[in-house]
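Report on the structure given below.
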Amino acid sequence: MIANDSNRKLQLGQLLIQHGAVTDDQLKSALEYQKQKGATMLLGEVLQKLDICSEEQIMSALAAGYGIPFAHISPRIADPKVIDVLPREFLDKHCVLPLFKIRNRLTLAVNEPANVFLIEEIGRLTDCEILIVCATTKEIKATLENHLPSANIFVIDDIFDDGDAGELSLVETKVEDIGDLELAAEGSPVIKLVNYLIFHAVREGASDIHIEPDENSLRVRYRVDGMLYEKIRPPVKMLPAISSRIKIMAGLDISERRLPQDGGIHVMMDSRPIDLRVSTLAGRHGEKIVIRIIDNRSVLVNLEKLGFSYEMLKEWRGVLEAPNGIVLVTGPTGSGKSTTLYSVLKELNNDAVNICTVEDPVEFNLGGINQFQVNDRIGFSFASALRSLLRQDPDIIMVGEIRDQETARIAVQAALTGHLVFSTLHTNDASGAVTRLVNVGVEPYLVAASLNAVLAQRLVRKICTACKEPYEVSPSVRRAVERLAGDVQTFYHGVGCPKCRGSGFSGRIGIYELLVPNDGMRDKICASPTLNELHAAAVSSGMVTLRQDGMSKVKAGITTIEEVLRATAA
């Protein structure tokens, strides 16, 4: 924290005496203790170890001695865009924090105001005039972790302020009484922990939070870019209080720990609403909790940003201009179907059309669109909702999912009677949607007459731009890629960095397969072809397959070969 020479020790000691932080006797005992240790500890460290004064008092005195401000810093003070002016490793190593930048002046929080060589080096690296303020190591590290979270496992004590240490022991005690459980759930450490998990999950772009108890541990994982990674391991005895806190937020019954429960939480972050869907399920070692995060920034995306190629986007927009017919979006759970459909409805929405949706559940509120949520418990199923919607004079209908014969038949009839219908199916490719409709009981000739298009999709992870670099692939792999995408100049991958948590990937993009039946294919559909025959006919008519579209993104340096193969594996 300060220089090792004796002159500096006396200066710090005198500054602390002037500030009333220590007495002469306390300073003498601290210097004697330091002498016994062979000067291996700095005076500031000795004073803290002996509980004579706090780091805040030491830094405040140092700031006064050097004639610079002492500041309490927090994530709200620091500008996230400015923190990136220096690498994360540099900030961690030297415990410094860029706060804000005005023109060519960078304000920097430091815990070593005497280190002029470090300040000069930062000036050279940033090409800025450096203005420094003193801050405690704890506040610098906490703010850094908030804006640039590391991939390491967090220590639970780091989440709480010093003043909360006593409360933590209360939470960790075994709670059986429901009244005590509710009291523990409202305790400050538990509230902070749950808020911390939600805040960082949204900040890191996670789609889900998994809280998973085991016999002797409690694990919290985030799903980011489709992959789970461990975030933190709180004490396992905190599970009842954590579970109860989340249930209170979601309006669930905290006394029910055996049956599954579902609920929702609405929160505000950075002045924007975020919806959380909560699901609890009793397991062998306690309730497993999954929180689904629905962020409007990821739901309402323009079609141009989803990942369509220029030619496919042009063809897809042509499909959307049809006055009637059925358009299907297919793919497994988590492949981005809802995002695609919301983007389509956003583009089609205007004052001249009546758009209605039936969803289970309604994932995001779309302004100007009539949205209805299925409720099977009262008999309001997809089929019954769709029948009612047809009496509401709709122009465009979106059905969340076609699950049964009745829903499929009503959707097809709606498409044949002048409505434009959008829906989803769970099939592996575009051709499979045709055979699925036939298998659920829709006559082949009705499918042929009503089907406008099928869009199959997957999500692949994008290479992290911060650690992206070229690499060589084997000749056989190069040939396999070039058969699908043409000549490839350079292959890229991510080597892993703090920004991508060492994964080499950051963000996701869609790969697509668009089947638009022509007259010849409609004749084939009427003849009930096999899945392979239908797929071959679609490819021969010019359909770009999922793997071809994925390999074109490999060629463009957006993703990797392994990602495309993983997403398109049969």
Side-chain angles (χ1 to χ4, degrees), residues 1-24 26-27 30-31 34 41-83 85-86 90-123 125-126 128-148 157-165:
M1 185 178 296
I2 58 172
N4 277 316
D5 61 285
S6 59
N7 187 37
R8 172 56 61 196
K9 294 173 195 172
L10 292 175
Q11 286 181 6
L12 174 60
Q14 294 304 315
L15 286 169
L16 290 169
I17 290 173
Q18 290 173 15
H19 277 69
V22 300
T23 64
D24 287 330
Q26 287 174 325
L27 179 60
L31 290 171
Q34 187 186 39
M41 295 178 67
L42 300 178
L43 178 58
E45 294 171 339
V46 173
L47 291 169
Q48 291 179 71
K49 181 176 178 61
L50 298 177
D51 290 328
I52 294 173
C53 58
S54 66
E55 184 187 8
E56 181 179 332
Q57 291 172 311
I58 294 170
M59 295 309 301
S60 179
L62 274 177
Y66 283 97
I68 60 175
F70 171 74
H72 286 289
I73 61 171
S74 68
R76 292 185 178 182
I77 294 176
D79 185 344
K81 297 177 182 177
V82 175
I83 292 178
V85 299
L86 291 168
F90 185 93
L91 300 177
D92 280 335
K93 179 180 178 182
H94 299 289
C95 196
V96 296
L97 175 69
L99 293 175
F100 42 85
K101 181 181 176 185
I102 300 175
R103 295 189 177 87
N104 199 41
R105 290 187 172 187
L106 176 65
T107 300
L108 188 75
V110 301
N111 72 338
E112 288 190 66
N115 195 341
V116 294
F117 299 108
L118 173 62
I119 295 166
E120 289 176 359
E121 182 182 358
I122 293 173
L125 290 173
T126 60
C128 290
E129 178 187 349
I130 305 299
L131 305 177
I132 63 171
V133 298
C134 267
T136 64
T137 301
K138 180 179 179 181
E139 289 183 350
I140 290 174
K141 288 184 175 179
T143 305
L144 269 176
E145 191 56 60
N146 185 282
H147 288 294
L148 298 173
D157 293 336
D158 292 343
I159 297 174
F160 308 116
D161 297 333
D162 291 338
D164 293 326

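All values below come from the heavy atoms of this structure, side chains included, with hydrogens, waters and symmetry mates left out. Quick note: residue numbers are just sequence positions, from 1.
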- Task: Taking all heavy atoms of Met59 and all of Ala135, pick out the closest pair and write down the distance.
- Result: CE-O, 3.7 Å

- Message: If I take atom CG from residue Leu16 and atom OG from residue Ser60, how far apart are they, to the nearest 0.5 angstrom?
- Response: 9.0 Å

- Would you check if Pro98 and Leu91 make a side-chain contact, meaning some heavy-atom pair closer than 4.5 Å? yes

- Query: Is there a side-chain contact between Asn115 and Val110 (heavy atoms, below 4.5 Å)?
  - Reply: no

- To the nearest 0.5 Å, tell me how far Ile122 CD1 sits from Leu108 CG. 4.5 Å

- From Leu106 CG over to Leu125 CG, what is the distance, rounded to the nearest 0.5 angstrom? 11.0 Å

- Message: For Ser54 versus Gln57, what's the shortest heavy-atom pair and its separation?
- Response: N-OE1, 2.8 Å

- With side chain to side chain contact (heavy atoms under 4.5 Å, CB included) as the test, would you mind laying out the steps for Ile132 and Tyr66 before giving the verdict? CA-CA 11 Å; Ile132 63 171; Tyr66 283 97; over 6 Å; no

- Can you tell me how far the CG atom of Leu62 sits from the CD1 atom of Ile68, to the nearest 0.5 Å? 8.0 Å

- Item | His94 side, atom NE2; Ile140 side, atom CD1 - distance, nearest 0.5 Å | 13.0 Å

- Message: Apply side-chain hydrogen bond (donor to acceptor under 3.5 Å, both in side chains) to residues Glu56 and His72 and explain how you reach the verdict.
- Response: CA-CA 9 Å; Glu56 181 179 332; His72 286 289; 3.2 Å; yes

- Is there a side-chain contact between Val85 and Phe90, using heavy atoms and a 4.5 Å cut-off? no

- Message: Using a 3.5 Å distance criterion without hydrogens, assess whether the side chain of Glu139 forms a donor-acceptor pair with backbone atoms of Thr136.
- Response: no

- Heavy-atom nearest pair, Pro113 first then Ile119, reads O-CD1, 4.2 Å

- Message: Minimum heavy-atom separation for Ala63 and Phe70, please, with both atom names.
- Response: CB-CB, 3.8 Å

- Task: Report yes if the side chains of Ile83 and Leu97 come closer than 4.5 Å at any heavy-atom pair, otherwise no.
- Result: yes

- Kindly indicate whether the side chain of Glu55, heavy atoms from C-beta on, has any atom under 4.5 Å from the side chain of Thr137. yes

- Message: To the nearest 0.5 Å, what is the distance between CD1 on Ile17 and CG on Asp24?
- Response: 4.0 Å

